[in-house]
Amino acid sequence: MYALVDCNCFFVSCERVFNPRLKGKPVVVLSNNDGCAISRSDEAKALGIAMGAPYFKFRNLARKNNIFCLSSNYELYGDMSRRVMSMFDRWSPEVEVYSIDEAFLGLRNLPPEQLSETARDICATVKQWTGIPVSVGIGPTKTLAKVANETAKREKIGGCVPSSSEISSLLTALPVEKIWGIGRNLSKWLHDRDIHTALNLRDSDTRWIRKHLGVSVERTVMELRGTPCIPMDCHPKDQKAMVHARSFGRRVESREELRSAVASYAELVSAKLRREGLAAGGVSVYLSTDFHSEQDAQYHGSETLPFPVATNFTPEVLEYALKAFDKVFRRGFRYKKAGVLMLALVPQTEVQGELFDQVDRNKAARLMSALDGVHIRHGEPLLHFAAGNMTAGWKPRKENRSPRYTTCWMELPIARA
DNA sequence: TCTGGGGTCCTAGGACCC
DNA sequence: TCTGGGGTCCTAGGACCC
């Protein structure tokens, strides 16, 4: 059996832990730029605030009903999430942290009669130790645990451990679009073919599903039947990509303005790579127009460039990101969003310490010129080879020299291509 | 006027090799 | 010179998740 533990309106609950005045009140947490609702308390849901609702559309409603609208604080949520997740090993050695507010627990060795008690215990203990209310759904597969969890949430009963006959009636009442793994496009396709409920999907022919919708949906069908097909993933995988992307508050047409936005995203994301001890094998830049707009011409373009060797070195990331930008930019569109995506991440430790004879001389020369372009204001760029490592840096100009500011060095990660 | 940000996985199709 | 099939690798794009 599997349990899915899901925090109730997680971001709002985190805010309530530190601000008890918010308890019992309608509360909404807004996305970056206060664009739309990303977490709502039950009271806010009852007032009709939809998930993802744009703030400008419910601002008046919020004012009228004294809804607390908060900007998001991801540091806080990340911290609270770690506290909650670190508790689960008391119930199972198999814990998969699935998202910031959800975890799957493998409950292989638990006798069936103890499942309900375990669910209750998880709810009570997590609430007591962290202040975060959670719901627990238990089922024979991860997909069915999700279904049970949704029931627990809807009924506000904390834990839900449906019997197999109860599962069938839950699936009858569950529209396909609510199933884990079935999104908007797949639901439409299924509805067009008269598959409207989870039960309809469970009872459809797997070969036909596989032929038309691929293995992922086939797995979902099997899971609905009670056959586990989606394994627990207890060891956090190495991250594969890292992105920095933002919507602009308005439409942007100017090439220079977009270019500098991309440049600053590239700097931010390479700094984040360094903070996390990672380096990237390539960079991808994308631009898109406002897909909400009916009259604007639509464009979404992206361009990916590999680095000769993995890097997290700002000047180099910048150089490639801007090169990609130049390829992807088209004049005459009104842009709404831009992003810089770092791909093929590797730990920096694997990257450093590469032997000097594997360093490409051309790359060294190119880096010199990148340094030259970006950091020349600090002084003279230098490359330094020692002990099999390459370090790039710059020596400050005389006028910049001060007792606390002498020579700046930046480690240059070097990896196999 | 104002509509998030950060991820993963799968597949089809092209390039290339034998 | 033309012909063919099978395998692998890579990438872009689409779909999904929270």
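Model, not experiment: these values are computed from the prediction. Per chain, numbering begins at 1; letters A, B, ... match sequence-line order.
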- Dump the intermediate steps for salt bridge (Lys or Arg N to Asp or Glu O under 4.0 Å) on A:Arg120 and A:Glu117, then the final yes or no. CA-CA 5 Å; A:Arg120 271 195 297 278; A:Glu117 175 54 32; 3.2 Å; yes

- Residue closer to the 5' end of DNA chain B, A:Lys240 versus A:Ser247 (nearest nucleotide): A:Ser247

- Just to confirm, is there a sub-4.0 Å distance from OP1 or OP2 of B:dT1 to any side-chain nitrogen or oxygen of A:Arg251? no

- Item | Spacing of A:Glu276 atom CD relative to B:dG7 atom P, expressed in whole Å | 8 Å

- Message: Give the residues of residues 52-65 of chain A touching DNA chain B, defined as any heavy atom closer than 4.0 Å, sorted by residue number.
- Response: A:Pro54, A:Phe56

- Item | Over all atoms of both residues, closest heavy-atom pair of A:Gly159 and A:Ala152 | C-CB, 4.2 Å

- Query: Taking only residues two or more places apart in sequence, or in another chain, which ones meet A:Phe11 in a ring pair (Phe, Tyr, Trp, His ring centres under 6.0 Å)?
  - Reply: A:Tyr74, A:Tyr77

- Between A:His244 and A:Lys272, does a side-chain contact (heavy atoms from CB on, under 4.5 Å) hold up when you go through it step by step? CA-CA 9 Å; A:His244 187 91; A:Lys272 189 172 175 203; over 6 Å; no

- For C:dC18 versus B:dT3, give the span between their P atoms, rounded off to a whole number of Å. 24 Å

- Task: State whether the side chain of A:Ser293 and the backbone N or O of A:Asp290 hold a donor-acceptor pair below 3.5 Å, judged by distance alone.
- Result: no

- Task: Only pairs at least two apart or in different chains count here, so list each ring-ring contact (aromatic ring centres under 6.0 Å, His included) that has a residue in residues 202-224 of chain A.
- Result: A:Trp189-A:Trp208, A:Trp189-A:His212, A:Trp208-A:His212

- Distance, rounded to the nearest Å, where A:Ile38 contributes CD1 and B:dG6 contributes C1': 11 Å

- Task: Start with the C-alpha distance between A:Ser163 and A:Glu166, add both sets of side-chain angles, then the distance that settles side-chain hydrogen bond (donor to acceptor under 3.5 Å, both in side chains), and finish with yes or no.
- Result: CA-CA 5 Å; A:Ser163 66; A:Glu166 284 168 330; 3.2 Å; yes

- Winner on side-chain proximity to A:Ala245, out of B:dG6, B:dG4, B:dT8, is B:dG6

- Message: When you compare the side chain of A:Val17 with that of A:Ile132, does any pair of heavy atoms fall below 4.5 Å?
- Response: yes

Could you run down the sub-3.5 Å N/O contacts of the protein with nucleotides 9-13 of chain C?
none

- Separation of atom CD in A:Glu177 from atom C1' in C:dC16, rounded to whole Å: 15 Å

- Message: With a 4.0 Å cut-off on N to O distance, would you call A:Asp203 and A:Arg225 a salt bridge?
- Response: no

- What integer distance in Å separates A:His244:NE2 from B:dG5:C1'? 9 Å

- Task: May I ask you to list the residues of residues 97-105 of chain A, by number, that have any heavy atom positioned under 4.0 Å from an atom of DNA chain C?
- Result: A:Tyr98, A:Ser99, A:Asp101, A:Glu102

- Item | Minimum-distance pair of heavy atoms, taken over all atoms of A:Gly226 and A:Thr141 | C-CG2, 3.4 Å

- Which pairs count as side-chain hydrogen bond (donor to acceptor under 3.5 Å, both in side chains) when at least one residue sits in residues 96-111 of chain A, sequence neighbours excluded? A:Glu94-A:Arg108, A:Glu96-A:Lys142, A:Tyr98-A:Trp180, A:Ser99-A:Asp101, A:Ser99-A:Glu102, A:Glu102-A:Lys146

- Work out which heavy atom in A:Ile167 is nearest to a heavy atom in A:Pro140; give both atom names and the distance. CD1-CD, 4.0 Å

- Mind listing the residues from residues 335-344 of chain A sitting with a heavy atom below 4.0 Å of DNA chain C? Number order is fine. none

- So the ring-ring contact (aromatic ring centres under 6.0 Å, His included) pairs with at least one residue in residues 270-289 of chain A (sequence neighbours excluded) are A:Tyr286-A:His300

- Item | Polar side-chain atom of A:Ser92 near backbone of A:Gly106 as donor-acceptor pair, under 3.5 Å | yes

- Message: I want to know whether A:Tyr320 and A:Phe307 have ring centres closer than 6.0 Å.
- Response: yes

- Task: Of all the heavy-atom pairs spanning A:Ala3 and A:Ile138, show the shortest one and how long it is.
- Result: CB-CG1, 3.8 Å

- Message: Can you measure A:His292 atom NE2 to B:dT1 atom C1' for me and round it to whole angstrom units?
- Response: 14 Å

- Message: Rounded to whole Å, please give me the gap between CZ in A:Arg40 and P in C:dC18.
- Response: 13 Å

- Got a sec? Which of residues 205-215 of chain A come in under 4.0 Å of DNA chain B, heavy atoms? A:Gly214, A:Val215

- Query: Roughly how many Å is it from CZ in A:Phe291 to P in B:dC2, rounded to a whole number?
  - Reply: 13 Å

Show me the donor-acceptor pairs, under 3.5 Å and distance only, between side chains in residues 121-129 of chain A and residues at least two apart or in other chains.
from	atom 1	to	atom 2	distance (Å)
A:Asp121	OD1	A:Thr125	OG1	3.1
A:Asp121	OD2	A:Trp91	NE1	2.8
A:Thr125	OG1	A:Asp121	O	2.6

- Task: Could you summarise the pairing of DNA chain C as dot-bracket text, marking Watson-Crick and G-U pairs under 3.5 Å with ( ) or [ ] inside the strand and | across strands?
- Result: ....||||||||||||||

- Item | Proximity of A:Tyr2 and A:Phe104 rings by center, below 6.0 Å | no

- Side chain of A:Cys36 - closest among B:dG6, B:dG4, B:dT8: B:dG4

- Task: Select one nucleotide: of B:dG6, B:dG4, C:dC18, the one nearest the side-chain heavy atoms of A:Arg246.
- Result: B:dG6

- All heavy atoms of A:Leu22 vs all of A:Arg16, minimum pair found to be O-NE, 3.0 Å

- For DNA chain C, what residues of residues 178-192 of chain A have any heavy atom nearer than 4.0 Å? A:Ile179, A:Trp180, A:Gly181, A:Ile182, A:Gly183, A:Arg184, A:Asn185, A:Leu186

- Per the side chain to side chain donor-acceptor pair (under 3.5 Å) rule, which among A:Asp6, A:Asn149, A:Asn8 passes with A:Ser135? A:Asn8

- Using atom CG of A:Asn149 as one end and atom P of C:dC18 as the other, report the distance to the nearest whole Å. 10 Å

- Is the Lys NZ or Arg CZ of A:Arg250 less than 6.0 Å from the centre of A:Phe248's six-membered ring, within 45° of the axis? no

- Query: Which atom pair, heavy atoms only, marks the closest approach of A:Met222 to A:Cys229?
  - Reply: CB-SG, 3.3 Å

